[in-house]
Student: 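Just passing along the structure, written as structure tokens.
Please read these numbers as outputs of a predicted model, since none were measured by experiment. Every chain is numbered from 1, with letters handed out A, B, ... down the list of sequences.
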Amino acid sequence: MRELNMVKAINDALDVMLAVDPDVLIFGQDVGYFGGVFRATDGLQARHGQKRCFDTPIAESGIIATAIGMGAQGLRPVPEIQFADYILPAFDQLVSEAARLRYRSGGEFWAPITVRSPYGGGIFGGQTHSQSPEAIFAHITGLKTVIPSTPYDAKGLLIAAIECDDPVIYLEPKRLYNGPFDGHHDRQLATWAGHPGARVPEGRYTVPLGKAAIVRPGDDVTVLAYGTMVHVALAAVEETGIDAEVVDLRSIVPLDIETIVASANKTGRCVIVHEASRFGGFGGELSSLIQERCFYGLEVPIERVAGWDTPYPHAFEWDYFPGPGRVASALRRVMEND
Amino acid sequence: MRELNMVKAINDALDVMLAVDPDVLIFGQDVGYFGGVFRATDGLQARHGQKRCFDTPIAESGIIATAIGMGAQGLRPVPEIQFADYILPAFDQLVSEAARLRYRSGGEFWAPITVRSPYGGGIFGGQTHSQSPEAIFAHITGLKTVIPSTPYDAKGLLIAAIECDDPVIYLEPKRLYNGPFDGHHDRQLATWAGHPGARVPEGRYTVPLGKAAIVRPGDDVTVLAYGTMVHVALAAVEETGIDAEVVDLRSIVPLDIETIVASANKTGRCVIVHEASRFGGFGGELSSLIQERCFYGLEVPIERVAGWDTPYPHAFEWDYFPGPGRVASALRRVMEND
Amino acid sequence: MANRPPLEFHVPEPPARPGQSASFSHLVVPEAGLVRRPDALASAAEMRDLPFELIRVLDGEGRAVGPWDPHLAPEFLRRGLRAMLLTRVFDDRLFRVHRQGKTSFYMKSTGEEAIGAAQSLVLEPQDMCFPTYRVMSWLHARGYPLVDMVHQIFSNARDPLRGRQLPILFSARDYGFYSLSGNLGTRYGHAVGWAMASAYRQTDSLALAYTGEGSTAEGDFHESLTFASVYRAPAILCITNNQWAISSFAGLAGTRDSTFAARAIGYGLPGLRVDGNDFLAVASATRWAAERARANKGATLIEFFTYRAAGHSTSDDPTRYRPGDEAEHWPLGDPIERLKQHLIALDEWDEDRHAALTSELEAEVRAALREGEAIGTLGRSKPPLSEMFEGVFAEPDWRLIEQRVEAGA
Amino acid sequence: MANRPPLEFHVPEPPARPGQSASFSHLVVPEAGLVRRPDALASAAEMRDLPFELIRVLDGEGRAVGPWDPHLAPEFLRRGLRAMLLTRVFDDRLFRVHRQGKTSFYMKSTGEEAIGAAQSLVLEPQDMCFPTYRVMSWLHARGYPLVDMVHQIFSNARDPLRGRQLPILFSARDYGFYSLSGNLGTRYGHAVGWAMASAYRQTDSLALAYTGEGSTAEGDFHESLTFASVYRAPAILCITNNQWAISSFAGLAGTRDSTFAARAIGYGLPGLRVDGNDFLAVASATRWAAERARANKGATLIEFFTYRAAGHSTSDDPTRYRPGDEAEHWPLGDPIERLKQHLIALDEWDEDRHAALTSELEAEVRAALREGEAIGTLGRSKPPLSEMFEGVFAEPDWRLIEQRVEAGA
Ligand SMILES: Cc1ncc(C[n+]2csc(CCOP(=O)(O)OP(=O)(O)O)c2C)c(N)n1
Ligand SMILES: Cc1ncc(C[n+]2csc(CCOP(=O)(O)OP(=O)(O)O)c2C)c(N)n1
Ligand SMILES: [Mg+2]
Ligand SMILES: [Mg+2]
């Protein structure tokens with residue numbers, strides 16, 4: 001089967017959806033003629049026409065408002081926000097409108113929109129091209145939040161998101177666009193070539209929202225991660241030799257609580273990894289859910305490895321980024337404290 | 001000593017600060033001539049003049065942007081957002097600008113602003129006059145978030161916030177404006193009269209940010225709460241007769257980790273209460289911090305009592321609101337599971 | 001630098017506050033019939049004068065004059081009158097019902113009934129309005145069942161919005177009425193997106209958006225105009241300038257030396273400024289804008305100049321921030337009275353018929369209220385508790401299923 | 001309904017894309033000197049024509065003509081020329097430095113150097129500019145040390161911003177240069193707040209705000225204009241319309257049939273449209289707006305009509321979205337060349353001096369670079385790790401203290 005990198009897999013999902021569903025429209029800053037600053041929409045305008053894939057003004061709130069209004073009439077808009085850092089101007093539209101429309105209207109209107117946005121660090125993008133905002137979305141009732149970690153999942157999850165009748169925030173770990181980056185920035189960088197997750201079927205298929213993937217089965221400790229951190233975690237597991245079970249959440253809302261609880265009950269140890277700053281991050285929710293549901297099976301405290309509680313700092317990229325070294329230390333700690 | 005209700009105590013704090021510091025300016029929708037829809041700025045324009053306390057356009061992002069620009073020059077603006085639900089249009093200004101200005105400018109500029117806003121439910125305000133957004137602020141590096149539960153604290157914390165050189169989100173539990181509401185909506189409502197927390201000194205005093213208050217010492221279980229939930233928790237403790245230690249966090253950033261850890265270590269049991277919806281709420285952070293720091297002392301799982309994971313529903317006000325009944329059940333559960 | 005006068009910090013104030021005498025002397029109210037009516041398909045660049053005029057059709061004697069006279073049939077006018085009167089009667093009654101503690105909240109449209117009513121009747125069934133809480137006459141004009149309004153206002157077991165929404169924040173898709181919400185300004189852009197979808201799908205459903213003049217200050221207003229301009233969306237974008245935003249006067253929204261309609265100029269859109277208390281002028285401007293939109297010439301911005309004759313809502317007392325008699329000085333009169341006089345002048349109406357209609361509508365409202373109260377007022381009846389957990393998503397996830405059990409629903 | 005043509009979904013496109021021939025035939029470029037210059041203190045309502053004109057001072061022969069001629073001293077003009085040239089030399093050099101992998105990012109102001117340079121020199125030391133990344137000539141005109149720029153661009157141990165910020169997102173309070181950030185549009189409102197504070201405190205510090213034309217679409221732009229209008233803020237609000245926003249043409253920001261300057265009309269502000277490649281016109285318009293602001297007449301909106309001659313940043317290749325030779329067709333010329341010709345026409349400059357100045361500036365830039373490289377390029381030198389944890393708050397809380405220990409800083 002053909003291999004694609006993650007940008008191409010996303011492009012392919014959009015291409016497929018434009019072809020199969022005339023209600024799908026793609027728009028955002030520079031996504032039309034230019035094909036997007038990360039090339040995710042490359043060629044789509046040429047293939048499907050200017051009315052299916054087009055540029056928008058630099059107005060994130062307006063982009064989402066437009067998408068909601070279109071969605072309310074029956075379209076399935078897939079707006080892009082150029083960087084997840086720039087979702088914030090549209091936060092009110094997402095929370096007060098997209099997330100609440102179905103509920104408050106008694107089901108008369110809803111917003112079947114999928115907001116794509118590259119997120120996360122590791123690219124020396126500085127404060128406003130590196131942040132990971134998933135925790136603030138996870139708290140919003142009525143929103144779904146999806147984060148792929150491989151090209152295969154990226155395509156399947158994106159199609160599932162577009163077909164879903166709820167508003168979905170689809171965060172793309174931009175550090176994974178070109179390869180399964182494991183945090184070893186100082187080593188030879190791997191591309192997606194040869195990676196099993198890069199085998200992307202043609203045509204339409206879905207990866208269901210709300211189903212985690214056990215990307216490495218293991219017995220000793222459960223590692224919960226998503227996005228880039230899945231690969232960082234795998235590297236850390238490899239390097240420590242600990243028999244960890246690495247769970248890729250794939251979507252944080254809906255959350256696959258069954259898989260999480262089953263794994264934690266099996267291992268009795270848990271490390272949660274995310275790029276976002278720690279305090280108030282999504283790791284807190286994961287940690288409390290496990291604590292609530294697996295308390296008597298836990299051998300040691302659940303650990304969180306995350307970004308520091310500082311803004312994302314340009315020069316200190318690799319000090320801030322929760323790399324394999326920090327994950328490995330946490331793994332060793334939870335195994336030590338026996 | 002004179003007694004004030006919470007609105008009057010807030011009004012008094014603003015009055016004091018306008019008098020002692022010419023750099024303090026108060027503005028927001030309807031706060032000037034009219035004195036605010038909750039009367040928090042009543043009389044301030046008449047006393048201090050139109051240039052010290054004035055109305056703004058209906059533009060929350062503009063209000064905060066204006067405050068930041070003023071703050072950068074040296075003023076201490078105290079903008080009001082009429083309801084915390086309406087902070088969302090200003091979220092980007094708070095996160096990308098107020099919270100980050102000092103850091104990114106190498107300390108050349110900062111935003112010593114205090115954003116006051118009534119929050120929380122229990123007033124049949126429906127979806128957009130009832131929400132509790134504290135969790136999304138707690139996750140933002142560079143922001144402080146303060147929530148009083150008594151008139152005394154309201155005044156002292158507000159003065160401390162205004163004098164603080166960092167941006168502070170000051171959330172006012174509107175259900176407490178007129179009395180220490182304990183969730184028993186069907187009983188005679190208490191006013192602040194006679195409540196020890198209603199004794200508010202004249203003039204300037206501060207309650208430091210980052211210091212929790214043990215509002216009821218106890219040995220059996222730690223209850224963490226803030227805002228209205230402090231009074232709900234106290235009622236539930238009273239009704240169960242359980243010897244709980246009730247901790248009023250007062251500010252969630254900075255968080256008084258010492259008091260929390262000391263109490264949890266003492267009791268080995270913990271119930272966290274907040275109005276905001278549970279998933280991704282601030283309770284998750286509290287629960288994980290305790291789990292991380294007091295793991296070996298915990299007797300039973302930490303419980304969270306919170307709003308359901310639905311939007312705030314008008315007709316179901318008292319089904320949604322985490323009242324003393326639900327807190328009492330949680331208290332009994334953590335004591336039972338012995 | 002030394003010789004300069006110091007900078008002055010300017011904080012604007014309305015012409016009069018309580019205790020001062022009410023005044024609208026700052027408003028220039030031109031005669032009816034004087035404003036030119038360009039072809040609806042003409043270029044926006046040729047209409048930059050219009051936002052500084054005031055389009056009026058009904059003159060002081062109740063006659064329709066000038067190029068904007070829409071020449072509406074008497075039957076149409078009577079439907080408009082009925083809708084406006086019904087709105088007024090319903091509002092007065094429900095406001096009292098709130099005072100009796102039977103619901104949590106209410107807002108009146110008093111003095112502004114012409115806008116929603118005329119637009120509702122001029123536009124077509126497939127068109128969609130993106131309302132504010134101040135255009136309930138749209139629904140009354142389209143015959144939305146009063147009893148369903150009452151159920152919603154009581155959040156009772158028959159509430160079409162399942163108890164989830166504050167009173168009067170209706171949603172009525174079949175009546176061309178988009179879901180309302182308490183937060184201001186955000187739906188303006190939905191209207192533009194809706195209109196773009198109409199163009200894309202060729203559904204011929206225009207979008208009509210409303211905002212209060214105070215709410216124009218929100219960034220969403222600007223982003224919506226930008227999108228409407230860029231994609232030539234078939235939308236009619238309305239500003240109901242009722243002079244007040246709770247306690248703040250219209251000057252606080254930034255049109256000193258300008259008008260709200262003039263915002264259109266910077267986006268290359270036509271901007272009309274219309275007497276909002278003149279049913280005929282509202283209908284005529286709306287028809288013009290609809291013709292333009294349906295001809296693929298894009299959006300029009302319309303400022304309706306009107307006056308909020310009542311308080312903001314059940315939560316405020318307007319005499320605390322404006323002269324108590326200000327409404328009496330309002331120079332553009334009452335929209336119901338003016339349409340009534342016009343119909344009488346046309347010999348198509350009389351005082352007796354008006355009194356009869358009023359009694360009929362009062363009876364209708366009373367009957368609807370009785371029916372609603374029989375089901376239950378706020379807190380005495382509500383939809384099943386399970387409704388709290390429905391509609392968050394298309395399908396509930398485990399959290400909602402677990403919590404529903406926990407809540408005993 | 002049956003007879004109507006179907007609705008059309010309109011998506012605008014620029015006049016030419018790669019492979020098509022570049023064209024600016026849609027632009028009307030009037031002669032220099034023709035636009036009237038009203039008194040700076042006149043009412044905004046009397047100036048509604050100005051946003052549709054183009055204020056130009058330098059004519060085709062390098063002469064200053066018309067009422068907007070600011071009559072600047074040759075010395076002042078030479079300072080302007082130097083600042084612009086320095087900006088160009090620095091940009092070209094640092095762009096190459098990025099290509100060498102010595103830093104992560106760079107952006108040039110090529111073709112737009114007149115704007116920041118003229119405004120920096122016309123305004124006073126106490127005035128504060130709220131920049132975009134495209135007005136670095138402001139700093140060059142005020143003599144900000146090149147080596148500090150280089151340290152910042154390398155995020156090295158001497159970086160004045162302590163390694164925390166992306167290259168060129170400077171902050172330089174002493175040079176009247178407010179903290180830049182990567183997110184667009186948000187500081188426009190800070191400028192208005194700053195100006196209001198100036199008025200309140202009588203500090204006589206005007207605020208000058210910049211936005212790109214693409215970024216005017218953000219809601220913040222509108223909210224800022226609204227506040228500026230309401231409180232008569234002593235601010236100069238600039239739009240640098242350089243025709244492009246990455247790959248999007250200016251038409252995507254919603255001024256079909258209008259201009260960016262015309263946005264001013266709806267707020268009752270004066271709106272000037274100015275040849276941004278004409279140093280004299282920029283200086284003159286700025287002086288006019290500053291006079292107005294200092295006289296408590298409030299804010300002015302100025303659109304600078306210019307052209308982004310280079311790519312957006314080091315991350316893009318403009319030939320992928322616009323004709324490769326488009327810059328050559330730009331009708332308003334190069335700002336450096338035009339000021340140079342003017343000085344030569346005045347007999348205050350010549351080619352030799354110009355060549356000498358260029359070499360001198362190149363040497364300065366080389367020296368600064370050498371000094372910066374000696375400290376270290378990106379990744380080879382950085383501030384102490386403790387700086388990552390400083391400046392989050394005025395004082396770190398326990399989280400930062402604990403984490404600093406954990407990070408070994
Ligand atoms: C985003 C937001 N900000 C503030 C409010 C509070 N609020 C409710 S109505 C209102 C005044 C609105 O005035 P206007 O837009 O003129 O409409 P009107 O009530 O006059 O019809 C305000 C400030 C709100 N509901 N939403
Ligand atoms: C809020 C936000 N949205 C999007 C971006 C991505 N972005 C960076 S520059 C740019 C184009 C800006 O164009 P313009 O305002 O015309 O300024 P110019 O680059 O032409 O000077 C975009 C879309 C951003 N940085 N911030
Ligand atoms: Mg109003
Ligand atoms: Mg540009």
Side-chain angles (χ1 to χ4, degrees), chain B residues 25 27 29-39 42 45 49-63 65 82-83 85-86 88-90 92-93 123-130 185-186 277-279 306-320 326 329, chain C residues 9-14 17 103-105 154-156 159 161-167 169 181-186 212 214-221 245-249 252-254 315-316 320-321 378-379 381-383 385 387-392 397 399-400 403-404 406-409:
Chain B
L25 291 193
F27 48 89
Q29 294 154 22
D30 304 294
V31 308
Y33 184 89
F34 186 50
V37 297
F38 289 105
R39 324 299 316 140
D42 194 25
Q45 183 178 84
Q50 215 188 21
K51 294 180 204 246
R52 304 292 306 283
C53 176
F54 55 88
D55 290 338
T56 61
I58 303 174
E60 289 76 14
S61 182
I63 292 171
Q82 204 165 81
F83 285 87
D85 315 73
Y86 309 141
L88 299 181
D92 186 46
Q93 280 290 343
I123 61 152
F124 272 102
Q127 267 181 60
T128 61
H129 303 95
S130 306
H185 55 93
D186 41 5
S277 55
R278 177 192 321 219
F279 197 82
W308 308 116
D309 288 318
T310 75
Y312 208 101
H314 182 252
F316 309 106
E317 181 84 53
W318 303 120
D319 306 293
Y320 184 90
R326 281 176 60 206
S329 306
Chain C
F9 182 37
H10 171 78
V11 177
E13 269 298 312
R17 287 291 196 187
T103 187
S104 56
F105 186 69
F154 289 160
S155 283
N156 69 21
D159 173 4
L161 304 187
R162 327 306 305 129
R164 300 188 193 132
Q165 186 58 298
L166 205 63
L169 300 184
S181 180
N183 51 321
L184 299 167
T186 41
S215 308
T216 62
E218 294 283 2
D220 284 312
F221 174 74
I246 309 185
S247 73
S248 300
F249 79 122
L252 259 175
S315 311
D316 76 326
R320 294 189 71 150
Y321 50 77
L378 179 66
S381 160
K382 61 184 178 183
L385 188 52
E387 286 293 351
M388 179 162 70
F389 297 100
E390 296 291 328
V392 182
D397 65 16
R399 300 174 299 170
L400 295 160
Q403 290 175 17
R404 185 174 153 166
E406 198 181 332

Student: Could you give the distance from CD (Gln127(B)) to CZ (Arg164(C)), rounded to the nearest 0.5 Å?
Tutor: 9.0 Å
Student: So what's closer than 4.5 Å to chain C heavy atoms on Tyr86(B): side chain, backbone, both or neither?
Tutor: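 Only the side chain of Tyr86(B) comes within 4.5 Å of chain C.
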Student: Mind listing the closest non-hydrogen atom pair of Tyr33(B) and Tyr321(C) along with its distance?
Tutor: CE2-CA, 3.7 Å
Student: Measure Arg320(C) against the heavy atoms of chain B and call it side chain, backbone, both or neither at under 4.5 Å.
Tutor: both
Student: Please work out which of the three classes, parallel, tilted or perpendicular, describes the rings of Trp308(B) and Phe389(C), given edges at 30° and 60°.
Tutor: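 Judged by the thresholds at 30° and 60°, the geometry between Phe389(C) and Trp308(B) is perpendicular.
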Student: Checking Leu166(C) against His129(B) for the side chain to side chain contact (heavy atoms under 4.5 Å, CB included) test, could you report, in this order, the C-alpha distance in whole Å, the side-chain angles of both residues, the deciding distance, and whether it holds?
Tutor: CA-CA 9 Å; Leu166(C) 205 63; His129(B) 303 95; 3.7 Å; yes
Student: Pick one of side chain, backbone, both or neither for Pro14(C), based on which atoms fall under 4.5 Å of a heavy atom in chain B.
Tutor: neither
Student: Between Leu378(C) and chain B, with a heavy-atom cut-off of 4.5 Å, which part of the residue counts as in contact: side chain, backbone, both or neither?
Tutor: side chain
Student: For a quick test of reading the model, state the closest non-hydrogen atom pair linking Ala315(B) to Lys382(C) and the distance between them.
Tutor: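 Scanning both residues, the minimum pair turns out to be O-CD, 3.7 Å.
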Student: Could you list the residues that satisfy salt bridge (Lys or Arg N to Asp or Glu O under 4.0 Å) with Arg404(C), not counting sequence neighbours?
Tutor: Glu390(C)
Student: Can you list everything that forms a side-chain contact (heavy atoms from CB on, under 4.5 Å) with Asp220(C)? Sequence neighbours excluded, please.
Tutor: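 With sequence neighbours excluded, Asp220(C) shows a side-chain contact (heavy atoms from CB on, under 4.5 Å) to Ser61(A), Gln93(A), Thr186(C), given in chain and number order.
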Student: Run the side chain to side chain contact (heavy atoms under 4.5 Å, CB included) test on Gln403(C) and Arg278(B) for me, step by step, so that the C-alpha distance in whole Å, both residues' side-chain angles and the decisive distance to 0.1 Å come before the verdict.
Tutor: CA-CA 10 Å; Gln403(C) 290 175 17; Arg278(B) 177 192 321 219; 4.2 Å; yes
Student: Taking atom CZ of Phe54(B) and atom NE2 of His10(C), what is their separation to the nearest 0.5 Å?
Tutor: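 The CZ atom of Phe54(B) sits 11.5 Å away from the NE2 atom of His10(C).
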Student: Side chain, backbone, both or neither: which part of Glu317(B) has a non-hydrogen atom closer than 4.5 Å to chain C?
Tutor: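 No part of it gets close to chain C.
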Student: Using non-hydrogen atoms and a 4.5 Å limit, figure out which bit of Leu385(C) sits close to chain B: side chain, backbone, both or neither.
Tutor: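 Both parts, backbone and side chain.
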Student: Identify which part of Asp309(B) has an atom lying under 4.5 Å from any heavy atom of chain C, answering side chain, backbone, both or neither.
Tutor: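 For Asp309(B), the contact with chain C is made by backbone and side chain together.
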Student: If you compare all heavy atoms of Gln50(B) against all heavy atoms of Pro12(C), which two are closest, and at what distance to 0.1 Å?
Tutor: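 Minimum heavy-atom separation between Gln50(B) and Pro12(C): NE2-O, 4.4 Å.
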Student: Between Ala409(C), Gly185(C), Pro167(C), which residue shows the highest count of heavy-atom pairs closer than 4.5 Å to chain B?
Tutor: Pro167(C)
Student: For chain B, which of Ser104(C), Gly391(C), Ala245(C), Gly219(C) has the most heavy-atom pairs under 4.5 Å?
Tutor: Ser104(C)
Student: Measuring from atom CE of Met388(C) to atom OH of Tyr312(B), what distance do you get when rounded to the nearest 0.5 angstrom?
Tutor: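 Going from the CE atom of Met388(C) to the OH atom of Tyr312(B) covers 10.0 Å.
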Student: Could you pull out the closest heavy-atom pair between Pro57(B) and Leu252(C), with the gap in Å?
Tutor: CG-O, 3.2 Å
Student: Name the member of Val392(C), Leu400(C), Asn183(C) that forms the most heavy-atom pairs with chain B at distances under 4.5 Å.
Tutor: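 Among the listed options, the one with the most contacts to chain B is Asn183(C).
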Student: Please report the shortest heavy-atom distance between Ser155(C) and His314(B), naming the atom on each side.
Tutor: OG-ND1, 2.8 Å
Student: Do Phe316(B) and Pro383(C) make a side-chain contact, defined as non-hydrogen atoms from C-beta onward lying under 4.5 Å apart?
Tutor: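 Of all side-chain heavy-atom pairs linking Pro383(C) with Phe316(B), at least one is under 4.5 Å.
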Student: Between Asp30(B) and Ser247(C), do the side chains contain an N or O donor and an N or O acceptor separated by less than 3.5 Å?
Tutor: yes
Student: Working to the nearest 0.5 angstrom, can you tell me the gap between Thr310(B) OG1 and Glu387(C) CD?
Tutor: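 If we round to the nearest 0.5 Å, Thr310(B):OG1 and Glu387(C):CD are 12.0 Å apart.
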Student: Which bit of Phe105(C) comes within less than 4.5 Å of chain B, counting heavy atoms only: side chain, backbone, both or neither?
Tutor: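 Interface part for Phe105(C): neither.
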Student: Chain C heavy atoms under 4.5 Å from Tyr320(B): which part of the residue, side chain, backbone, both or neither?
Tutor: both
Student: Identify the two heavy atoms, one from Val11(C) and one from Lys51(B), that lie closest to each other, and give their separation to 0.1 Å.
Tutor: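 What the structure gives for the nearest pair is CG2-CA, 4.4 Å.
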Student: Identify which part of Ser329(B) has an atom lying under 4.5 Å from any heavy atom of chain C, answering side chain, backbone, both or neither.
Tutor: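 Neither part, no heavy atoms under 4.5 Å.
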